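See structure below.
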There are 2 protein chains.
Amino acid sequence: MAIRRNTWQREAVREALERSEGFISAQALHTELHRTGSPIGLATVYRALADLSTEGEADSLQSPEGEAIYRSCASIDHHHHLICRQCGTTAEIEATEVEAWASRVAAEHGFTEARHVVDIFGLCADCTAAAARA
Amino acid sequence: MAIRRNTWQREAVREALERSEGFISAQALHTELHRTGSPIGLATVYRALADLSTEGEADSLQSPEGEAIYRSCASIDHHHHLICRQCGTTAEIEATEVEAWASRVAAEHGFTEARHVVDIFGLCADCTAAAARA
DNA sequence: GCCCGTGTTGAGAACGGTTATCATTACTGA
DNA sequence: TCAGTAATGATAACCGTTCTCAACACGGGC
């Protein structure tokens, strides 16, 4: 694992992830890749996503349904999300104050290696309007 | 499903959940119940937890490892958690500033019915010390 | 360009958590 | 007490994810 080789598979996953808007599950990404002709294996998709995630090129979080979902993360810096639980669209949000708060609180309680989960699930403007009509 | 019957199992799950501090997984709760002598089935624990969750008597969220974890929700007031990913102990934390931030950000983007997930996972002081020794 | 060592791939098996199945049990209202 | 029917629980099925391992292919050295 010392040297990372470049393979078309890894690149295909990166591109497919960038092409898809919002969060997408590994399975969905695999299906999408097959649909567009890539005979890539499911295991490879998982591996590529895990790699992208650790390298900071992708965000990953757990959907409320328990799936791991991924998103291309052009800006390497840490940020959070506003996710519509109806249509899945996301908006990146600034959370500078929350960052500070999180690390302060963790430190106050003697916690180390703190990673925080700060995401807001709601109904986006469109879906709110659609729900109002129904 | 029209009528809900009262069974000792359901009550046992509720009590065990209240007794356990912080978040606990369904499996752990099942193990705990068996340890204290209840021959309750795993499926029943899942069902009871799901019911408690929909009734609002319990909170549920996904741990970063993908497990569903539950917490008794006696106090209706909303608060957040600092969770040790090693031993599972939790501390309740005040998050007034984060509450304000979350609703403000959601409103700014036209989102409604926003529920936020704000939890910090880390290593508690004890586990940090234990890890340092190893 | 060709070889070879080794990182990578992929099909399928294994795995762990959760949910469904279904015969049996036991609440509950009459 | 009794019948009707939710609830239970052992187990199988399910689903997403990770592991296994033989086959493959990238890339540095020649």
Side-chain angles (χ1 to χ4, degrees), chain A residues 1-17 20 22-55 57-71 88 117, chain B residues 1-17 20 23-55 57-71 83 85-86 88 121:
Chain A
M1 193 61 99
I3 307 163
R4 162 123 11 82
R5 293 181 180 173
N6 295 325
T7 60
W8 65 266
Q9 287 97 332
R10 201 177 292 266
E11 201 53 36
V13 169
R14 192 205 313 276
E15 280 178 19
L17 191 61
S20 65
F23 283 92
I24 188 170
S25 70
Q27 310 259 357
L29 201 58
H30 178 234
T31 306
E32 174 62 18
L33 281 163
H34 266 222
R35 203 181 58 70
T36 56
S38 295
I40 192 173
L42 180 56
T44 305
V45 174
Y46 275 101
R47 273 188 290 248
L49 285 174
D51 286 354
L52 287 173
S53 180
T54 53
E55 287 163 25
E57 293 193 54
D59 279 342
S60 77
L61 63 88
Q62 298 279 339
S63 78
E65 287 72 36
E67 275 183 299
I69 51 181
Y70 297 86
R71 181 168 189 263
V117 176
Chain B
M1 193 61 98
I3 307 164
R4 162 122 14 82
R5 294 182 179 172
N6 296 325
T7 60
W8 65 264
Q9 287 97 333
R10 202 177 291 268
E11 202 54 36
V13 169
R14 191 206 312 277
E15 280 178 18
L17 190 62
S20 66
F23 283 92
I24 187 170
S25 71
Q27 311 258 357
L29 200 58
H30 177 234
T31 306
E32 175 62 18
L33 281 162
H34 266 223
R35 204 180 57 70
T36 55
S38 294
I40 192 172
L42 179 57
T44 304
V45 174
Y46 275 102
R47 273 189 292 249
L49 285 174
D51 287 354
L52 288 173
S53 181
T54 55
E55 287 162 24
E57 294 192 54
D59 278 344
S60 76
L61 64 88
Q62 299 279 337
S63 79
E65 286 72 35
E67 276 183 299
I69 51 181
Y70 298 86
R71 177 183 67 97
I83 305 162
R85 62 168 157 270
Q86 191 72 49
F121 291 85

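Values below: all heavy atoms of this structure, side chains included; hydrogens, waters and symmetry mates excluded. The shown structure was predicted, so the numbers you read here are calculated from the model rather than taken from an experiment. Labels below follow one simple rule: chain letters A, B, ... track the order of the sequence lines, proteins then strands, and each chain is numbered from 1.
Nearest nucleotide to the Arg5(B) side chain, out of dG10(C), dA25(D), dT5(D): dT5(D). Among the nucleotides dG9(D), dG7(C), dT8(D), the one closest to the side chain of Arg10(B) is dT8(D). Ranking dA6(D), dG9(D), dG17(C) by closeness to the Gln27(B) side chain, first place goes to dG17(C).
The two residues Val45(A) and His30(A) come nearest to each other via the heavy atoms CG2-CD2, 3.9 Å. Across all non-hydrogen atoms, the minimal contact from Pro39(B) to His34(B) is C-NE2, 3.8 Å. For the residue pair Arg5(A) and Arg10(A), the shortest heavy atom distance occurs at O-NE, 4.0 Å.
Summarising the geometry, atom CD belonging to Glu15(A) is positioned 9.5 Å from atom CG belonging to Leu33(A); distances are rounded to the nearest 0.5 Å. Rounded to the nearest 0.5 Å, atoms CD (Gln27(B)) and CD (Glu67(B)) are 7.0 Å apart. Atoms CH2 and OG, from Trp8(A) and Ser38(A) in turn, are 5.0 Å apart once rounded to the nearest 0.5 Å. Summarising the geometry, atom CD1 belonging to Ile24(A) is positioned 9.0 Å from atom CG belonging to Leu49(A); distances are rounded to the nearest 0.5 Å.
Here the P atom of nucleotide dA7(D) and the CD atom of Glu11(B) are 14 Å apart, to the nearest Å. The separation between Ile24(B) atom CD1 and dT18(C) atom C1' is 17 Å, rounded to whole Å. Following rounding to the nearest Å, Glu67(B) (CD) and dT19(C) (P) show an atom-to-atom distance of 12 Å. Rounded to whole angstrom, the span from the NE2 atom of His30(A) across to the C1' atom of dG12(C) amounts to 13 Å. Separating the CH2 atom of Trp8(A) from the C1' atom of dG7(C) is a distance of 16 Å, rounded to the nearest angstrom. The separation between Leu33(B) atom CG and dT8(D) atom P is 13 Å, rounded to whole Å.
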Inset, instruction - Determine, step by step, whether Leu17(A) and Tyr70(A) satisfy the side chain to side chain contact (heavy atoms under 4.5 Å, CB included) criterion, reporting the C-alpha distance in whole Å, the side-chain angles of both residues, the deciding distance to 0.1 Å, and the verdict. - result: CA-CA 8 Å; Leu17(A) 191 61; Tyr70(A) 297 86; 4.2 Å; yes
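Overall, the helix from dG1(C)-dC30(D) to dA30(C)-dT1(D) carries an axis bend of 30° between its ends, with five pairs at each end and the value rounded to 10°.
In this structure, Gln9(A) reaches the dG10(C) phosphate: one of its side-chain N or O atoms is under 4.0 Å from OP1 or OP2.
Nearer the 5' end of DNA chain C, as judged by each residue's closest nucleotide, is the contact made by Gly66(B), out of Thr7(B) and Gly66(B). Of the two residues near DNA chain C, Ala68(B) and His34(A), the one whose nearest nucleotide lies more 5' is His34(A).
For DNA chain C, the residues of residues 38-49 of chain A within the heavy-atom distance limit of 4.0 Å (strictly under) are Pro39(A), Ile40(A), Gly41(A), Ala43(A), Thr44(A), Arg47(A), sorted by number.
Between Asn6(B) and Glu11(B), every side-chain heavy-atom pair lies at or beyond the 4.5 Å cut-off.
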